[in-house]
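Here is the structure we will look at, set down as structure tokens.
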Amino acid sequence: QVQLVESGGGLVQAGGSLRLSCAASGRTFSSYAMGWFRQAPGKEREFVVAISWSGGRTYYADSVKGRFTISRDNAKKMVYLQMSSLKPEDTAVYYCAAGTTTGWQERSYDYWGQGTQVTVSS
């Protein structure tokens with residue numbers, strides 16, 4: 001079992017930065033791949049980025065490449081999403097997820113956090 005709690009969301013102006021954090025509980029955190037997804041109002045939840053259990057592999061959605069960076073600290077059971085050059089279209093609820101495979105599909109993930117709101121004003 002893994003429990004996930006996101007934090008760090010908020011209101012930021014376009015062009016600004018935010019860092020999201022995801023705190024995990026559970027003894028097997030280091031064996032899980034981690035991902036970030038987001039859901040904008042009226043839209044389906046979409047993949048943002050994923051990182052392998054070791055941190056050696058990362059995958060980014062084209063829409064965030066070069067602007068977002070995922071990292072993890074297995075000793076602290078934390079995953080981070082550094083977001084820069086934010087755009088109004090990045091406005092969404094951001095979810096942290098844990099799974100056994102590093103994938104872009106929601107079905108790759110077994111555990112989800114409750115989400116944190118990110119709002120980017122123009």
Side-chain angles (χ1 to χ4, degrees):
Q1 279 278 4
V2 177
Q3 293 182 325
L4 305 170
V5 178
E6 303 95 335
S7 61
L11 174 64
V12 64
Q13 288 188 332
S17 299
L18 276 177
R19 189 177 83 153
L20 304 184
S21 299
C22 175
S25 64
R27 289 179 289 179
T28 59
F29 170 77
S30 61
S31 66
Y32 283 95
M34 300 297 296
W36 286 94
F37 290 74
R38 66 187 182 185
Q39 186 169 21
K43 295 188 177 181
E44 293 186 351
R45 189 156 56 185
E46 64 176 7
F47 170 76
V48 177
V49 59
I51 188 168
S52 62
W53 66 271
S54 67
R57 289 179 293 133
T58 57
Y59 303 95
Y60 291 87
D62 288 342
S63 58
V64 305
K65 278 181 183 177
R67 301 188 299 120
F68 290 12
T69 303
I70 189 172
S71 61
R72 67 187 296 164
D73 185 333
N74 286 343
K76 296 182 178 179
K77 297 182 181 179
M78 295 291 295
V79 178
Y80 305 101
L81 181 61
Q82 179 67 48
M83 305 185 294
S84 303
S85 301
L86 283 162
K87 305 174 181 179
E89 51 263 43
D90 293 318
T91 295
V93 176
Y94 283 71
Y95 297 90
C96 174
T100 54
T101 58
T102 311
W104 59 271
Q105 295 175 312
E106 290 190 32
R107 65 187 182 191
S108 297
Y109 298 90
D110 304 306
Y111 303 101
W112 294 81
Q114 83 290 347
T116 185
Q117 176 71 48
V118 172
T119 303
V120 184
S121 63
S122 58

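For the numbers below, each heavy atom of this structure counts, side chains included, while hydrogens, waters and symmetry mates do not. Every value quoted in this text rests on a predicted model; they were computed, and no experiment measured them.
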* Candidate pair M78 and R72, rule side chain to side chain contact (heavy atoms under 4.5 Å, CB included), full reasoning -> CA-CA 6 Å; M78 295 291 295; R72 67 187 296 164; over 6 Å; no
* For T102 and M34, what are the C-alpha separation, side-chain angles and deciding distance, and is it a side chain to side chain contact (heavy atoms under 4.5 Å, CB included)? -> CA-CA 7 Å; T102 311; M34 300 297 296; over 6 Å; no
* Asked: What's the verdict on salt bridge (Lys or Arg N to Asp or Glu O under 4.0 Å) for K65 and D62, showing C-alpha distance, side-chain angles and the deciding distance?
  -> CA-CA 5 Å; K65 278 181 183 177; D62 288 342; 3.2 Å; yes
* To do: Start with the C-alpha distance between T116 and L20, add both sets of side-chain angles, then the distance that settles side chain to side chain contact (heavy atoms under 4.5 Å, CB included), and finish with yes or no.
  => CA-CA 8 Å; T116 185; L20 304 184; 4.0 Å; yes
* To do: Starting from the C-alpha separation in whole Å, work towards a yes-or-no answer on side chain to side chain contact (heavy atoms under 4.5 Å, CB included) for V64 and R38.
  => CA-CA 12 Å; V64 305; R38 66 187 182 185; 4.0 Å; yes
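Counting heavy atoms from C-beta on, the side chains of Y94 and M83 come closer than 4.5 Å. Contact check for D110 versus T100: side-chain heavy atoms found under the 4.5 Å cut-off. Proximity of Y95 to Q114: side-chain heavy atoms (C-beta onward) are nowhere separated by under 4.5 Å. Using a 4.5 Å heavy-atom threshold, the side chains of Y32 and V2 count as touching.
How far CG of D90 is from OG of S63: 7.5 Å, rounded to the nearest 0.5 Å. Interatomic distance, OG of S25 versus CG of L4, reported as 7.0 Å (0.5 Å rounding). Summarising the geometry, atom OG belonging to S71 is positioned 8.0 Å from atom CG belonging to D73; distances are rounded to the nearest 0.5 Å. The distance from atom CD of Q117 to atom CD of E6, rounded to the nearest 0.5 Å, is 12.0 Å.
Between the side chain of S54 and the backbone N or O of G56 there is at least one donor-acceptor pair closer than 3.5 Å. Judged purely by atom type and a 3.5 angstrom limit, T91 has no side-chain atom pairing as donor or acceptor with the backbone of T119. Formation of a donor-acceptor pair under 3.5 Å by the N74 side chain with backbone atoms of K77 is not found in this model. Side-chain atoms of Y60 come within 3.5 Å of backbone atoms of I70 as a donor-acceptor pair (strictly under, hydrogens ignored).
Criterion: ILVMFWY side-chain heavy atoms under 4.5 Å apart, direct or through other members. Under it, W112 and W104 are part of a common hydrophobic cluster. Note: the hydrophobic cluster containing Y80 does not contain F29 (ILVMFWY, side chain heavy atoms under 4.5 Å, direct or indirect links). Both Y111 and V49 are members of a single hydrophobic cluster when ILVMFWY side chains are connected at heavy-atom separations under 4.5 Å.
A centroid separation of less than 6.0 Å is found between the aromatic rings of F47 and F37.
Residue-environment remark: CH2 (W53) stays at or below the threshold of 12 foreign heavy atoms within 6.0 Å. For CD of Q3, the number of neighbouring non-hydrogen atoms (other residues, nucleotides, ligands) closer than 6.0 Å is 12 at most.
Considering every non-hydrogen atom in both G103 and S108, the closest pair reads CA-OG, 4.0 Å. The two residues C22 and W36 come nearest to each other via the heavy atoms CB-CZ2, 3.7 Å. The shortest non-hydrogen separation linking A92 to A40 is CB-N, 3.8 Å.
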Report all side-chain donor-acceptor pairs from residues 10-19 shorter than 3.5 Å, counting only partners two or more places apart or in another chain.
none

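Side-chain polar atoms of R107 and Y109 form no donor-acceptor pair below 3.5 angstrom.
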